[in-house]
Enquirer: 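One structure is given below, represented as structure tokens, and several questions about it will come after.
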Number of protein chains: 4
Amino acid sequence: MSEARSGGDKPRRRQARGERRIAQLLDAAANVFCSVGYRAASTNAIAREAGVSPGTLYQFFPNKEAIGDALSQRLVIEMRNVHGTALSLDHSALGLRELLDRVIDPLVDFNLENPVCFALFHGPDMPQRFDEEHDLLEKAILDQVKTIFAGRAPQLERSALDRTADICWHTFKGVLQAMFEKEDEAERHALVPELKKLLYGYLEPIMGEDAPALRPQAVRGTAGRA
Amino acid sequence: MSEARSGGDKPRRRQARGERRIAQLLDAAANVFCSVGYRAASTNAIAREAGVSPGTLYQFFPNKEAIGDALSQRLVIEMRNVHGTALSLDHSALGLRELLDRVIDPLVDFNLENPVCFALFHGPDMPQRFDEEHDLLEKAILDQVKTIFAGRAPQLERSALDRTADICWHTFKGVLQAMFEKEDEAERHALVPELKKLLYGYLEPIMGEDAPALRPQAVRGTAGRA
Amino acid sequence: MSEARSGGDKPRRRQARGERRIAQLLDAAANVFCSVGYRAASTNAIAREAGVSPGTLYQFFPNKEAIGDALSQRLVIEMRNVHGTALSLDHSALGLRELLDRVIDPLVDFNLENPVCFALFHGPDMPQRFDEEHDLLEKAILDQVKTIFAGRAPQLERSALDRTADICWHTFKGVLQAMFEKEDEAERHALVPELKKLLYGYLEPIMGEDAPALRPQAVRGTAGRA
Amino acid sequence: MSEARSGGDKPRRRQARGERRIAQLLDAAANVFCSVGYRAASTNAIAREAGVSPGTLYQFFPNKEAIGDALSQRLVIEMRNVHGTALSLDHSALGLRELLDRVIDPLVDFNLENPVCFALFHGPDMPQRFDEEHDLLEKAILDQVKTIFAGRAPQLERSALDRTADICWHTFKGVLQAMFEKEDEAERHALVPELKKLLYGYLEPIMGEDAPALRPQAVRGTAGRA
DNA sequence: GATGAATGAGGATTCATTCAT
DNA sequence: TATGAATGAATCCTCATTCAT
């Protein structure tokens, strides 16, 4: 009778309603987190924003942190999709410039559409960098980046590789932050080509423009230039 | 040697203790803000960290926000010094690489020594981006950066100049963030040369390596390379 | 029988408990205000007196002042009823003595049953003489008194009328205060006839004993006696 | 060396300074009590009003209540003077009207000049009706009033006498309150004759107009008139 | 004596969480 | 399930009072 899956679609429908409620609540939480930050976001405010009572919120989340966790996880899943598409495909045939296009554009788009990422994943506001999921994700992202970089700059040793990826990732986030600070949509997007120039100027000396698939066997150590 | 000595120092005598207390409290606040953020920092925690009672804190600051304000202001003053030295001197005879050295090093040093800057001036946690002073400071910094850039890339039009400075500033902050995430001192500082390479790679195509003072009369358009 | 019954009573169901709580809290507040005054009344004490937790109090009142306001308003409403009945009916056929009976008795009764009126509406203790509502009420009361007086002493000019009403009102309050200072119920009520004598002695020379409806057209200016 | 009275006038002068300080502080306290009441008056505010530091205040008063006590006592002394002059002299030769003049005028004057009396001696704000001194004083005043009344209305029995005096005293205070509510000096004083009429109208039926010294031996029963 | 900083208990208020309906 | 009232610990802040200078 409870938690049943015996008969037809009744539990299904319940489940469905629950899912909707959860989505609703997470959306509300995202909004509230965005405007006031995690700590200052009261669960009551989230419930109000979602148009439900506090009690209802606690029907779905055991506590405030769980809301952040769930939101974080949802974002991580979406990010995984976006980054999977952007990073995990085969880039070995692309030129560096094209590679940057393929990777940066979707990431920028996703982040601009989900500003809560910044609210959640930055600053000392939240409890332990929400969910190790996110750290895992960042690690995964960096690993993918490193794999790509390793394919294009085989001569790089581990530590240099790490550092390079790290720099790119934080530069990306820094410029993203710049975008959030612009009110004007046009100005925002005008930063994208600059970001690409920035990373291109940094990476080209390290790994060259050419796709690894097109290169002769001999790797030219352009990294030595730095 | 410093502070009051001319005229009557009677009204100062007592103040001395007070001034020390204020500094003490601001230091404590900086620590607490750093570790848990502004919102989560309880005034009692700050007082405890400073080794005084809550009442004492309120003898000097009317409320919690005022603490953030005062800390912010203190940082702004220190930043003004550092940036004044770093940015306002005559760079016209320096090569771009040298310029970056002269500017980036002190800024990095200052920020690593005052990590509270990041805690205070980022995220939606604090009330109104603490004190418009800071915004003014950022604007001033950017203006100085723009002045330098304009001297080296006279062909740049206003909007491009703005964008270029903006990108540099946020890249700087992004890499700074990366530094904060490293536990290891050596790894931290290993990011500095990368930051310089990054910015050099971005700026060189725009303004060239040469100092403006050393250039032949005709300066032109190396930006075209990008 | 009273309250919601038309239309949807769904939003009312819950409210019922709330309304009861509010009344309960106001009663508690009245008690506490009475015994220690507004300022010294702690919200926790009020909550305790009402048998609820501090949080519950704040579910219904945003702050301490709001409690005073609400209580004030409730009293004003009740006073309006009592005074409406006492003052707004037609007194033109009553002798002065009977008039005083009809007016004074219910007012005294009400005030003895609601001693908080004195606690709230006197002294510099409370924020801005709680709610302009009360001032409006006092003004309304005085206006009604003046109307009655004007009907009985048409020769009185405005300023004298104002003064007469004022004196009566404050005398009433003064004697009320005397009643509050008596422990003994009998002694308390023994003051009522004295109050009436007092006011009769003051008013009779001004407006005579006779009801205006019963007087011949000529009005005798007994006020001149004073 | 301390507290000495050995030598000449040094301790005198000290004493004198102390007295001045105390007066200064009591004046300040009177002001603050008047504007915000006893409870809301912070000792720091009183010290500030007096132009001294909190520490200094506590050099002269062990605690806040002591300030109220001292102020109360000072007022009581002054009141004793005023009332002594007004009430304790021989009134047996005066007519009632003249008696009221002699008594009411100085009392009104004193109270208007010392509004703190109202702040201190009314309402539930202060700790136990400040100092039994004041209660004693009130009792003394009432006793004097009763003595006078007894001389003029020998037929009155004890309880009626008490009540009569009580009524007069509270009526006086009620009208005083009315005076404090007027901004305009002229309006204020216009209430004095009304107060006299009021009391005259009340007392005349009880004790007649004539002074007891002038009456024939058989005095009786004018009270019956009321 | 005077000063102003220091203290800490107490009071107002918030908010995550629970519970009765 | 949904609701909204209930809870109480934690937080910000005040203020009577004390203390070092």
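Excluded from the calculations below are hydrogen atoms, water molecules and symmetry mates; all remaining heavy atoms, backbone and side chain alike, are included. Lettering of chains follows the sequences in order, A, B, ..., and the numbering in each one begins at 1. Small disclaimer: the values here were computed from a predicted structure and weren't measured.
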Enquirer: According to side chain to side chain donor-acceptor pair (under 3.5 Å), who are the partners of A/S53, at least two apart in sequence or on a separate chain?
Expert: A/T56
Enquirer: What are the two closest heavy atoms between C/I67 and C/A29, and how far apart are they?
Expert: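 In terms of heavy atoms, the two residues are closest at CG2-CB, 3.6 Å.
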Enquirer: Which listed nucleotide (F/dC15, E/dG4, E/dG11) is nearest to the side chain of D/P54?
Expert: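 Ranking F/dC15, E/dG4, E/dG11 by closest atom to the D/P54 side chain puts E/dG4 first.
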Enquirer: Is it true that D/D69 and D/R74 make a salt bridge, defined as a side-chain N closer than 4.0 Å to a carboxylate O?
Expert: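 D/R74 and D/D69: not salt-bridged.
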Enquirer: Rounded to the Å, how far apart are C/Y38 OH and E/dG11 P?
Expert: 15 Å
Enquirer: So if I take residues 44-51 of chain B and measure heavy-atom distances to DNA chain E, which residues fall below 4.0 Å?
Expert: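 Close to the strand, none.
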Enquirer: Pairs counted as Watson-Crick or G-U wobble with both distances under 3.5 Å: what dot-bracket string results for DNA chain E, using | for bases tied to another strand?
Expert: .||||||||||||||||||||
Enquirer: For F/dC15, does OP1 or OP2 lie under 4.0 Å from any side-chain N or O of C/R39?
Expert: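 Checking C/R39 against F/dC15: at least one side-chain N or O falls below 4.0 Å of OP1 or OP2.
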Enquirer: I'd like to check the salt bridge (Lys or Arg N to Asp or Glu O under 4.0 Å) partners of B/R39; sequence neighbours left out, ordered by chain and number.
Expert: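 If we apply the salt bridge (Lys or Arg N to Asp or Glu O under 4.0 Å) test to B/R39, skipping adjacent residues, there are no hits.
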Enquirer: From C-beta outward on D/S53, which listed nucleotide comes closest to its side chain: F/dA16, E/dG4, F/dA5?
Expert: E/dG4
Enquirer: Counting side-chain heavy atoms from CB outward, which of F/dT17, F/dA2, E/dA5 is closest to A/R21?
Expert: F/dA2
Enquirer: Among E/dA5, E/dT17, F/dC15, which is the nearest nucleotide to the side chain of D/S42?
Expert: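 Nearest listed nucleotide: F/dC15.
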Enquirer: Could you check whether any side-chain N or O of C/N63 sits under 3.5 Å from a backbone N or O of C/A66, counting only pairs where one atom can act as donor and the other as acceptor?
Expert: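 Judged by distance alone, yes, a pair lies under 3.5 Å.
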Enquirer: Relative to the 5' end of DNA chain E, which residue comes earlier, D/G55 or A/A40, by the nucleotide with the nearest heavy atom?
Expert: D/G55
Enquirer: Tell me whether the side-chain N/O atoms of B/T43 come closer than 4.0 Å to OP1 or OP2 in F/dC12.
Expert: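 Answer is yes, contact under 4.0 Å.
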Enquirer: Provide, to the nearest angstrom, the distance between the CD1 atom belonging to C/I67 and the C1' atom belonging to E/dT13.
Expert: 11 Å
Enquirer: Please list, chain by chain and in numerical order, all residues satisfying side chain to side chain donor-acceptor pair (under 3.5 Å) with D/R21, sequence neighbours excluded.
Expert: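 Expected list: D/Q24.
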Enquirer: So, using side chain to side chain donor-acceptor pair (under 3.5 Å) as the criterion, who are the partners of D/N31 when residues are at least two apart?
Expert: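 Side chain to side chain donor-acceptor pair (under 3.5 Å) check on D/N31 returns D/E49.
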Enquirer: Among E/dA2, F/dT7, F/dT1, which nucleotide sits nearest the side chain of A/Q59?
Expert: F/dT1
Enquirer: Can you identify which nucleotide, out of F/dA16, F/dT3, E/dA12, has its nearest atom closest to the C/Y58 side chain?
Expert: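 Closest nucleotide to the C/Y58 side chain: E/dA12.
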Enquirer: Give D/F60 one of three labels, base, sugar-phosphate or nothing, depending on what nucleic acid heavy atoms sit under 4.0 Å from its own.
Expert: sugar-phosphate
Enquirer: Calculate the interatomic distance between C/N63 atom CG and F/dT11 atom C1'; express it in whole Å.
Expert: 17 Å
Enquirer: Does B/K64 make a cation-pi contact with B/Y58 (under 6.0 Å, within 45 degrees of the axis)?
Expert: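 No, B/K64 does not sit over the ring of B/Y58.
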Enquirer: What class does the angle between the rings of D/Y38 and D/F33 fall in, given that below 30° is parallel, 30 to 60° is tilted and above 60° is perpendicular?
Expert: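 Ring orientation, 0 to 90° scale: tilted.
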